[in-house]
Structure formats: C-alpha cells, structure tokens
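Chain letters run A, B, ... following the sequence lines, proteins first and then strands; every chain starts at 1. On a predicted model such as this, the values are computed, not experimentally measured, just so you know.
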Amino acid sequence: MIQLIRGFKDVLPGEVELWQAIEKTAISVFDDFGFKEIRIPIIEKTELFSRSIGDNTDIVEKEMYTFSDRKGDLITLRPEATASVVRSYIQHKLYTSDPVQKFYTIGPMFRRERPQQGRYRQFYQINAEIFGIDSPLADVQLIFLLVTLFSRLAVPDVETHINSLGCPICRPGFKQALIDFLSKTKVKLCSDCIRRSKQNPLRVLDCKVPSCREAMAQTPSLLDFLCYECVRDFKILTDSLEHLNISFIIDKRLVRGLDYYTRATFEIQTGFLGAQSAVAGGGRYDGLVEALGGPDLPATGFAIGLDRLTEISDLQIDDYHKTPQIFIAALGQKSKGKAFEWVCSLNKTGIRAEMDFGEKSLKSQMKRANKLGASHVLIVGEKELTEGSAVLRDMMTKKQVFISTDAVIENVSRKLGALPL
RNA sequence: GUGGGUGUAGCUCAGGUGGUAGAGCACCGGGUUGUGGCCCCGGUUGUCGAGGGUUCAAGUCCCUUCACUCACCCCA
C-alpha cells in the first residue's frame with residue numbers, strides 16, 4: 001500500500017465540511033472589509049523566498065522544499081504567501097491605478113519540519129495583505145478583522161498579543177543594546193541562544209528555555225528604544241484597539257521569525273493546540289516591497305493557520321452535513337432503469353436523490369436509505385410501474401402516500417419543497 | 001535535526017513467564033417471500049507496521065528499519 005507523505009494529510013468528507021464553512025465565513029468577512037481575492041502559484045523561484053524571508057532564518061536555511069526543475073532552475077514550494085503576493089503586486093504594477101490594495105488568498109504552504117499537533121509539512125493559510133497604507137490603523141483593521149472572523153467562527157478563548165519591532169531608524173540602537181546585554185549574560189543562556197545572540201539577537205527574546213527566560217527578564221525593552229514615529233504609531237495602535245474594545249496583551253517577546261517585519265507585530269494565541277499557541281500572526285513589513293524591486297510603499301498583513309483553526313473552532317460540522325432528500329428503492333430491472341432516470345432528473349433540478357445500483361432486497365435498500373439519512377423513500381416495483389403510482393414514504397413519520405409515476409419529478413419536488421429540509 | 005510514547009480486523013482495543021489470533025463496534029445476510037432505526041441469529045475481515053535473528057515453535061524475546069504521535073527547535 002502506498003501511504004501519503006510524512007507530515008501531509010488527507011481532509012476527508014466529514015471534516016471537509018468544516019473547512020468549507022470556515023473558508024466561506026472568511027471569504028464573506030473579507031468581502032465585508034473590502035479585501036479582494038488574489039490567486040498566486042504555489043511554486044516560485046527560490047530567490048524570492050531567500051530574499052524576502054531572510055537567508056539566515058530557519059525557514060530558508062532548513063525547511064524549504066527546494067528542487068531544480070528539468071532545466072536546472074531552482075524552484076521552491078512556497079513556505080508562506082506574502083512574498084508571492086508582494087511579487088505579484090510589483091510585477092503587475094498594481095500600485096499604479098491605486099497604491100492602496102487589500103488582498104486575501106487561501107491555500108497550502110510547505111515547510112519540512114518535524115510534524116506534531118497543529119503542524120504539518122503541507123499546511124493551509126488564510127492570508128491578508130494591505131498595501132500602501134502607512135497608518136497603524138491598517139494594522140488595527142487587520143486585528144479587528146481577525147477578531148471578527150474568530151468570533152463568527154465561534155473560536156473560544158483567544159488572546160491578542162501585540163508588540164512593536166521598531167523601524168530601520170531605531171532598531172539598530174536596540175539591537176546593539178541587546179548585544180551588549182547578551183555578551184554579559186551569555187553564561188546563563190542555552191546553546192541555541194548563544195548561537196542566536198550572534199546571528200539574530202532578537203530571536204533570543206522569545207526563547208522558551210526557562211533559564212533564558214529568567215535571564216531575559218532584565219533585558220532592555222525594545223519599546224524603550226523606539227523612535228518618535230514608532231512610539232506615536234504604537235500609541236495609535238493601542239488606543240484604537242481600546243476604542244474598539246479589543247483586549248490585548250503587550251508582549252515584548254513577540255518577535256516573529258521572518259526578517260521583513262517592522263513596527264507592529266501581532267499574534268492571536270490559544271491554549272488549545274498543545275505546544276502550538278499561534279493561530280494567526282502578522283505585522284507590518286514596510287521595507288519589503290522596495291526590497292523586492294518595487295516602489296517604496298508600506299505594507300502590512302497576517303496569516304491564519306487554517307489547519308489550526310479547524311482544530312479549535314466550535315462550529316458543529318453536523319450542521320453542514322447534507323443528507324439525501326429522497327432515496328429511490330427500486331425492485332426489478334425495469335424499475336431500476338426508471339429509478340435511475342428519476343434520480344438523474346431530481347439531481348438535475350437540485351434535489352439530493354440517491355438509489356441502490358445493485359440487486360438488493362427492499363429491506364436492505366431501506367437499511368441503506370436509513371443509513372444515508374434520507375428523509376423520504378420512493379418505493380417502486382413492477383406493481384407500481386404497471387399501476388402508475390409509486391409509494392412515497394416519510395422516514396420520520398412512517399407515513400406513506402401514493403404518487404403518480406407520470407409526473408414523479410414534479411410531484412416529488414412539490415412534496416419535498418413544502419418541507420423544511 | 002534531537003528525545004519520549006505507540007504500532008494486533010475498517011474503528012477502539014484485549015492477548016502474565018514464547019505454543020500457530022480475540023472482543024466490542026462497523027459491515028454483509030437472515031428472522032419479516034416488498035418496508036429502515038430496537039432486538040435476536042449467523043457470517044466476512046488480519047502478510048499481529050516491515051526486514052532480519054534466537055528457538056522445535058515468535059504477536060510475545062533480540063537487532064534493524066519505517067510510520068504515527070507528543071515534546072524540543074521554529075512557526076500559522
């Protein structure tokens with residue numbers, strides 16, 4: 001037997017209904033907020049990701065699915081969506097008609113990590129990006145959209161964490177202060193953090209090793225180093241969230257793993273996913289459009305982990321499960337053929353109709369109708385066919401009526417149409 | 001990449017110290033010659049994750065390997 005690839009998964013009927021419901025809800029929220037869908041490829045040139053995400057991030061260093069195609073070009077299964085959306089925005093010069101653009105996209109991402117709860121090698125994200133808006137109100141709108149969506153999806157107990165990462169003007173000062181601090185405390189840090197303190201000192205901030213957390217309690221706060229604009233923007237962010245009654249936690253360890261983030265960063269966290277706490281994360285990435293060859297335009301966005309969302313949503317999938325409205329139980333060759341025509345016609349008119357294609361007894365066909373959850377069964381045999389009237393049974397009330405076989409489709413649709421299905 | 005746990009029927013799981021595989025549910029059929037759910041009766045299902053070793057004999061012991069899973073790491 002051929003098994004699926006490690007870390008990948010099938011979403012089977014029964015669960016798929018929940019995915020559809022979530023996607024549908026998300027699309028309608030995006031619609032309400034004025035976001036347009038954009039569809040981008042799942043493979044890009046490797047260079048796009050190494051340049052946008054950052055060469056010495058874990059994602060680029062050891063998690064990407066990178067191949068050379070038949071011509072020898074290096075291509076990569078996308079580990080995230082933002083880079084592609086930005087590329088598309090630049091390539092099609094979407095900023096010319098209006099620099100302000102709001103996009104969303106839904107689809108699979110690929111990272112070769114060790115699988116565990118809420119983490120797969122192919123996972124799905126719902127992404128949103130806003131281009132061309134400097135104001136932190138754009139970040140607030142994203143957070144508000146997330147909160148709205150999560151409440152429509154009946155997601156319980158989520159926390160909004162926010163932080164500011166500063167900008168190219170003030171971050172270097174903080175970085176230097178942090179490096180100075182780390183060089184004094186190095187002995188107390190774990191081996192990973194000793195390595196990080198050289199390559200990417202900001203990452204030490206969200207290390208989860210207790211001794212590091214303890215050592216970092218005294219760390220200089222990035223918020224103390226912010227320049228005038230960054231402070232002003234962060235204040236607007238927090239004030240606006242308060243005005244919108246969105247509770248949040250200022251989390252100065254919220255650093256995020258991708259190089260391109262600036263200023264506002266945020267994460268929606270939950271306690272229901274084992275070690276995985278983030279269901280959604282995002283932030284501002286003002287330098288990325290220019291860095292990828294576009295004009296100097298600001299941008300901000302988020303990604304929702306759709307797989308994780310399905311695991312914590314309280315939506316009841318039973319509500320989305322569709323059962324047949326009618327099952328046609330036919331006896332004998334002639335009625336079988338007639339039943340098949342009827343099923344086809346009913347399906348065509350939009351009625352969920354089923355039948356048994358084998359030579360089964362009426363009893364076993366009734367069992368099957370019951371198992372499928374059909375609300376009605378139409379019984380037709382030689383007798384009914386010659387007499388021109390078939391039996392329509394209501395599976396709930398057990399009541400049976402005769403209906404003419406001359407106009408079965410009309411009669412059945414009228415009968416079923418009158419009922420709440 | 002590192003560590004722990006687990007792999008027996010479609011599913012959930014039993015199978016002291018080695019003796020050629022079980023239950024419940026599900027599925028199929030019958031009890032009702034043309035009427036579902038409840039009940040009763042009967043039936044099917046396994047390369048015991050894979051490969052190798054020890055042994056007269058391995059689901060059981062040993063080695064290797066794979067998968068799943070949880071955690072570290074990192075992230076959505």
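- Taking the C1' atom of each, B:A67 and B:C48 are spaced 16 Å apart, rounded to whole Å.
- At whole-Å resolution of the value, CG in A:Leu378 and C1' in B:U35 are 13 Å apart.
- Distance noted for atom C1' between B:G29 and B:C62: 47 Å (whole Å).
- Candidate nucleotides B:A76, B:G30, B:G3 were compared by shortest atom distance to the side chain of A:Ser361, and B:G30 ranks first.
- Distance, A:Asp394 CG to B:G36 P: 15 Å, rounded to whole Å.
- Residue side chain A:Gln117 does not reach the base of B:U69 through any donor-acceptor N/O pair under 3.5 Å, judged by distance alone.
- Both A:Phe123 and A:Leu4 sit near RNA chain B, but only A:Leu4 has its closest nucleotide nearer the 5' end.
- Nucleotides B:G3 and B:U12, compared at atom C1', are 28 Å apart to the nearest Å.
- A parallel orientation is assigned to the rings of A:Phe30 and A:Tyr104, their planes being inclined by less than 30° (bins at 30° and 60°).
- Taking atom CD of A:Glu113 as the reference point, atom P of B:C68 lies 15 Å away to the nearest angstrom.
- The base of B:C73 is paired with the side chain of A:Arg119 by a donor and an acceptor separated by under 3.5 Å.
- One interatomic measurement links the two molecules: CD of A:Gln365 to P of B:G29, which rounds to 10 Å at whole-angstrom precision.
- Within the 4.0 Å cut-off from OP1 or OP2 of B:A71, at least one side-chain nitrogen or oxygen of A:Gln116 is found.
- Of the C1' atoms belonging to B:U44 and B:A9, the separation is 10 Å, rounded to the nearest Å.
- A cation-pi arrangement, defined by a distance under 6.0 Å to the six-membered ring centre and an angle within 45 degrees of its axis, is absent between A:Lys36 and A:Phe103.
- With no hydrogens or angles considered, no side-chain donor-acceptor pair links A:Thr105 and A:Asn127 at under 3.5 Å.
- The side-chain heavy atoms of A:Asn347 and A:Arg352, taken from C-beta on, include no pair separated by under 4.5 Å.
- Backbone-only engagement by A:Glu63 is indicated by non-hydrogen atom pairs under 4.0 Å involving sugar-phosphate atoms exclusively.
- Not a single donor-acceptor pair, N or O on each side, falls under 3.5 Å between the base of B:G29 and the side chain of A:Lys363.
- Checking B:G34, B:G36, B:G1 against every side-chain atom of A:Arg112, the shortest atom distance belongs to B:G1.
- Where RNA chain B pairs in unbroken runs of 3 or more (Watson-Crick or G-U, both distances under 3.5 Å), the stems are B:1-7 with B:66-72, B:10-13 with B:22-25, B:27-31 with B:39-43, B:49-53 with B:61-65.
- One P atom belongs to B:A26, the other to B:C39, and the distance between them is 9 Å to the nearest Å.
- Counting only heavy atoms from C-beta on, A:Ser364 has its side chain closest to B:G29 among B:G29, B:G34, B:U2.
- The residue A:Gly282 sits apart from the nucleic acid: no heavy atom pair falls under 4.0 Å.
- Between the base of B:G36 and the side chain of A:Arg393 there is a donor-acceptor pair shorter than 3.5 Å.
- Looking at heavy-atom distances under 4.0 Å, A:Lys9 makes no contact with the nucleic acid at all.
- Side-chain contact annotation: A:Glu129 with A:Gln101, donor-acceptor N/O pair under 3.5 Å absent.
- Remark: of the listed residues A:Gln122, A:Gln125, A:Arg121, A:Gln125 is the sole one forming a side chain to side chain contact (heavy atoms under 4.5 Å, CB included) with A:Met109.
- Nucleotides of RNA chain B nearest to A:Glu267 and A:Ile5 differ in position, and the one nearer the 5' end is that of A:Ile5.
- Taking atom CZ of residue A:Arg121 and atom C1' of nucleotide B:G1, one finds them 11 Å apart after rounding to whole Å.
- Closest approach to the A:Tyr261 side chain among B:C72, B:G36, B:A76 is made by B:A76 (side chain taken as heavy atoms from C-beta onward).
- Taking only side-chain atoms of A:Asp58, from C-beta outward, the nucleotide of B:U2, B:C73, B:G37 with the closest atom is B:C73.
- For the pair A:Met355 CE and B:G36 P, the computed distance is 19 Å after rounding to whole Å.
- The residue A:Gln269 sits apart from the nucleic acid: no heavy atom pair falls under 4.0 Å.
- Judged by distance alone, the side chains of A:Thr76 and A:Thr66 do bring a donor and an acceptor atom under 3.5 Å apart.
- The nearest whole Å value for the distance from the CD1 atom in A:Ile312 to the C1' atom in B:A76 is 11 Å.
- Among B:U35, B:C72, B:A76, the nucleotide with an atom closest to any side-chain atom of A:Gln125 is B:A76.
- If you check every strand for non-hydrogen atoms under 4.0 Å, A:Ala369 touches nothing.
- Comparing atom distances between the A:Arg6 side chain and each of B:G34, B:A76, B:U69 picks out B:U69 as nearest.
- The aromatic rings of A:Phe131 and A:Tyr89 sit parallel to each other, their planes meeting at less than 30°, with 60° as the upper class boundary.
- Only the P atoms considered, B:G49 is 16 Å distant from B:C68, to the nearest whole Å.
- The A:Lys371 side chain lies nearest to B:C27 when the options are B:C27, B:G37, B:G34.
- No contact: A:Gly373 has no heavy atom under 4.0 Å from any strand.
- For the residue pair A:Gln269 and A:His161, a side-chain donor N or O sits within less than 3.5 Å of a side-chain acceptor on the partner.
- Environment of NZ in A:Lys45: sparse, with no more than 12 heavy atoms of neighbouring residues, nucleotides or ligands closer than 6.0 Å.
- Atom CD of A:Glu242 has more than 12 neighbouring heavy atoms from other residues, nucleotides or ligands inside a 6.0 Å radius.
- For A:Met366 and B:C28, the CE to P distance is 15 Å, given to the nearest whole Å.
- For A:Lys398 and B:G37, a side-chain-to-base donor-acceptor distance below 3.5 Å is present, hydrogens and geometry of angles not being considered.
- Checking B:A76, B:G34, B:G37 against every side-chain atom of A:Lys367, the shortest atom distance belongs to B:G37.
- Between B:G59 and B:G51, the distance separating the two C1' atoms is 16 Å to the nearest Å.
- Nucleotides B:G46 and B:G53 place their C1' atoms 25 Å apart, quoted to the nearest Å.
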